[in-house]
S.K.: 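Mind having a look at this structure? Questions to follow.
Worth saying up front: this structure is predicted, and the values here are computed from it rather than measured.
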Amino acid sequence: AWALANIAGDSEECRETLRNMGAVRPLSQLILQRSSTLGSERVTSNASYTTAAWALSNLCRGNHEVVRELLAVPDLLLCLVHTLNHTTNQDLRTE
């Protein structure tokens with residue numbers, strides 16, 4: 001997830017390549033998986049969760065279709081909102 005976040009942050013061309021290669025769905029699944037295995041209290045400080053959120057944030061930049069794709073993933077938005085409401089991790093809130 002860390003490499004994808006950095007690549008996606010580089011340029012629109014890189015983001016488009018990653019989106020075309022299907023990077024959005026696995027990152028979404030990583031967030032859902034980490035949320036279900038860690039629970040809301042511990043997930044907010046989990047590095048892989050934070051990094052996956054950062055990567056998704058970068059992939060969404062400038063592309064509303066990716067946001068629509070994320071909204072179609074069952075429970076993802078609910079999971080992200082719940083986590084943001086309960087975290088003290090400023091980096092996670094920013095991403």
S.K.: I'd like to know if the side chain of Thr17 and the backbone of Glu13 have a donor-acceptor N/O pair within less than 3.5 Å.
M.R.: yes
S.K.: With rounding to the nearest 0.5 Å, note down the distance linking CG in Leu27 to CH2 in Trp54.
M.R.: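 Answer rounded to 0.5 Å: 11.5 Å.
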S.K.: Using every non-hydrogen atom in the two residues, find where Ala55 and Ala1 come nearest and quote the distance to one decimal.
M.R.: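 Closest approach of Ala55 to Ala1: CB-O, 3.9 Å.
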S.K.: Test of understanding: with salt bridge (Lys or Arg N to Asp or Glu O under 4.0 Å), list the residues that count as partners of Arg19, not counting sequence neighbours.
M.R.: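 With neighbours one apart ignored, the set is Glu12, Glu16.
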S.K.: Who passes side-chain contact (heavy atoms from CB on, under 4.5 Å) against Ser28, sequence neighbours left out?
M.R.: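 Testing Ser28 for side-chain contact (heavy atoms from CB on, under 4.5 Å), a comparison that skips the adjacent residues, returns Val24, Leu56, Leu70, Val73, Leu76.
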S.K.: Counting N and O atoms only, with roles assigned by atom type, does the side chain of Asn6 sit under 3.5 Å from a partner on the main chain of Trp2, one being a donor and the other an acceptor?
M.R.: yes
S.K.: Which heavy atom in Leu4 sits nearest to a heavy atom in Ala23, and how many Å separate them?
M.R.: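 For Leu4 versus Ala23, the nearest heavy atoms are CD1-CB, 4.4 Å.
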S.K.: To the nearest 0.5 angstrom, please state how far the CG atom of Leu30 sits from the OG1 atom of Thr51.
M.R.: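 These two atoms lie 8.5 Å from each other.
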S.K.: Please give me the minimum heavy-atom distance between Asn58 and Ala8, naming the atom from each residue.
M.R.: CB-CB, 3.6 Å
S.K.: If you compare all heavy atoms of Glu69 against all heavy atoms of Arg25, which two are closest, and at what distance to 0.1 Å?
M.R.: OE2-N, 4.3 Å
S.K.: Kindly say whether Leu59 contributes a backbone atom to a donor-acceptor pair with the side chain of Arg15 at under 3.5 angstrom?
M.R.: no
S.K.: Taking side chain to side chain donor-acceptor pair (under 3.5 Å) as the test, write out the residues that go with Glu65, two or more places apart.
M.R.: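 Only Arg68 meet the side chain to side chain donor-acceptor pair (under 3.5 Å) criterion with Glu65.
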